[in-house]
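Take a look at the structure below.
Here the structure is a predicted model, which means the values were calculated and not measured. In what follows, every chain begins at residue 1, and chains take the letters A, B, ... in the order their sequences are listed.
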Protein chains: 2
Amino acid sequence: MTTRDTGTEQLIKDTAKHVFFKEGRLHATTQDIADAAGVNRTLVNYYFRSKDALIKQVYEEGMDDLDNRLTQVMYSNLPFREKMENFIDLFMAESMEYPYQEAFLITEMNMNSNLHHKADMTEKVEYLSQQIQKEMDEGRLEKMNPIHFAMNMFSMMIYPLIMKPMYKQFYNLSDEEFTKLMLERKEITCKMLFGN
Amino acid sequence: MTTRDTGTEQLIKDTAKHVFFKEGRLHATTQDIADAAGVNRTLVNYYFRSKDALIKQVYEEGMDDLDNRLTQVMYSNLPFREKMENFIDLFMAESMEYPYQEAFLITEMNMNSNLHHKADMTEKVEYLSQQIQKEMDEGRLEKMNPIHFAMNMFSMMIYPLIMKPMYKQFYNLSDEEFTKLMLERKEITCKMLFGN
DNA sequence: TTAAAGTTTAACATTTTTGTCAAACAAAAA
DNA sequence: TTTTTGTTTGACAAAAATGTTAAACTTTAA
């Protein structure tokens with residue numbers, strides 16, 4: 001069957017990502033998604049067969065996207081610090097668009113540890129660790145297990161975005177004020193990681 | 001009706017927290033919770049009337065707990081750094097027990113922004129900001145918007161715990177290795193915050 | 001020991017969510 | 001234009017999740 005491509009399949013998938021990754025409504029129904037997309041719910045089944053299948057696709061593409069972002073930066077030929085600055089720029093831009101992407105992936109792993117196949121990032125992750133280790137060996141970074149450097153970086157970039165509703169409430173912030181703070185964090189994160 | 005206190009009500013609530021806060025199964029059903037507690041599902045309705053009511057209680061107690069942890073530390077009479085060291089100890093211990101507590105709260109806020117009453121932490125949060133500001137004014141901390149200091153601290157403590165399934169997969173870690181890393185993070189977090 | 005009152009259970013009812021199918025519709029090809 | 005084929009829709013069916021009730025059970029106190 002040769003498809004006619006009305007864009008509906010993509011629209012549904014994009015809307016699902018919007019609902020899950022951007023709005024953080026992690027237990028949205030297919031009806032919620034169809035409504036948000038402005039299409040008949042049946043189309044979810046027509047294009048994806050089942051809700052699980054849609055979720056699975058969203059999950060895998062979320063994982064692939066994560067993988068790609070890592071790859072894209074890891075293998076560039078820049079000095080480590082610039083490389084990380086680029087990475088933080090790129091990653092924070094995407095995370096501001098889709099703050100709940102990683103949270104969605106984790107929730108899925110926690111709910112359906114069976115359904116999803118494990119991503120093998122060993123090689124990539126090891127390469128990153130080696131680069132971090134080298135910086136430490138050569139005295140440009142505080143010595144510690146390289147995994148902590150990575151954890152620190154991801155934590156400082158993503159967590160405040162996930163916690164947005166709480167920070168807004170506790171600190172009485174408008175959306176604009178919050179966004180401004182997040183933009184400041186690119187530099188702050190970098191400074192923290194490299195000790196200025 | 002004078003209650004006989006078989007401990008069942010508490011058991012259900014505790015189990016709900018276990019499932020939501022510890023296992024991160026954010027869309028568990030009442031049946032899931034009843035099974036985990038080893039009780040008949042009907043008891044959820046007997047003691048809590050509805051699933052929503054149970055969720056609401058879990059949410060409010062989660063918020064209260066967060067509030068208490070903040071209070072407990074904010075108003076002690078220690079030098080700022082020691083105060084923060086205590087806080088990190090306390091907070092990380094609880095977060096290792098219940099890594100998804102804040103994620104649950106946020107997801108609830110995103111799903112039912114109406115259902116839950118807003119917590120007013122303004123006073124507490126302002127007091128914390130003032131203390132941070134003072135440290136900056138007196139040159140013991142890098143100058144920045146105090147909210148960033150708080151964000152950095154919470155991020156570095158909590159986010160790696162939430163991402164445990166991913167870190168375990170990417171870095172091929174056992175539970176024991178992961179726990180060891182998390183314990184190391186108490187000191188690392190502190191060092192990062194205070195620039196050693 | 002028996003009556004009263006709270007607790008637990010199983011069967012049933014309702015609601016919500018998901019899935020299926022045939023008919024209506026729209027676009028491309030014959 | 002008509003036919004073909006893929007798309008969309010609404011009605012219906014099935015499954016999953018939640019809620020209700022009456023009866024069984026347990027504990028306490030009369």
| field | Side-chain H-bond candidate by donor/acceptor type, A:Q72 with A:N68, under 3.5 Å | value | no
| Which listed nucleotide (C:dA27, C:dT7, D:dG19) is nearest to the side chain of A:R4? | C:dA27
| request: Consider the side chain of A:L43, meaning its heavy atoms from C-beta on, and name the nucleotide among C:dG19, D:dT9, C:dT8 that approaches it most closely. | output: D:dT9
| Can a side chain N or O of B:T42 be found less than 4.0 Å away from OP1 or OP2 on D:dT21? | no
| query | Between D:dT9, D:dT8, D:dG19, which nucleotide gets closest to the side-chain atoms of A:T6? | reply | D:dT8
| field | Rounded (10°) bend between the five-pair end axes of the helix from C:dT1-D:dA30 to C:dA30-D:dT1 | value | 0°
| request: Salt-bridge test for A:D52 and A:K56: reply yes if a basic N is under 4.0 Å from a carboxylate O, no otherwise. | output: no
| field | Any B:N40 side-chain N or O less than 4.0 Å from OP1/OP2 of C:dA10 | value | yes
| query | Do A:D120 and A:T122 meet the criterion of a side-chain donor-acceptor pair at a distance under 3.5 Å? | reply | yes
| field | Rounded distance in Å - NZ (A:K51) to C1' (D:dA14) | value | 16 Å
| request: Indicate whether OP1 or OP2 belonging to D:dG19 is found under 4.0 Å from a side-chain N or O atom of B:T30. | output: no
| Distance check: side-chain N/O of B:T3 vs OP1/OP2 of C:dT7, anything under 4.0 Å? | yes
| field | B:R140 to B:F80, cation-pi by 6.0 Å centre distance and 45° axis angle | value | no
| remark: Here the distance between atom P of C:dT8 and atom CZ of B:F48, to the nearest Å, is 12 Å
| note | Between CG of A:D5 and C1' of C:dA26 the distance, given in whole Å, is 15 Å
| Does a side-chain N or O from B:Y46 land closer than 4.0 Å to OP1 or OP2 of D:dG19, or not? | no
| task | Could you state the atom-to-atom distance from CD of B:Q31 to P of C:dA10 in whole Å? | result | 11 Å
| task | Give the ring-plane orientation class for B:Y75 versus B:Y127, where under 30° counts as parallel, over 60° as perpendicular and anything between as tilted. | result | parallel
| query | Taking the nucleotide of DNA chain C with the closest heavy atom to each, which residue, B:R41 or B:G38, is nearer the 5' end? | reply | B:G38
| task | Send over the distance from A:D52 CG to C:dT18 P, rounded to a whole Å. | result | 10 Å
| Residues A:E85, A:R81: salt bridge by 4.0 Å N-O rule | yes
| field | Close side-chain approach of A:I88 and A:L193, heavy atoms under 4.5 Å | value | yes
| query | Base, sugar-phosphate, or nothing: which does B:D32 touch, judged by heavy atoms less than 4.0 Å apart? | reply | nothing
| task | Specify the separation, in whole Å, of atom CG of B:N45 and atom P of C:dC12. | result | 18 Å
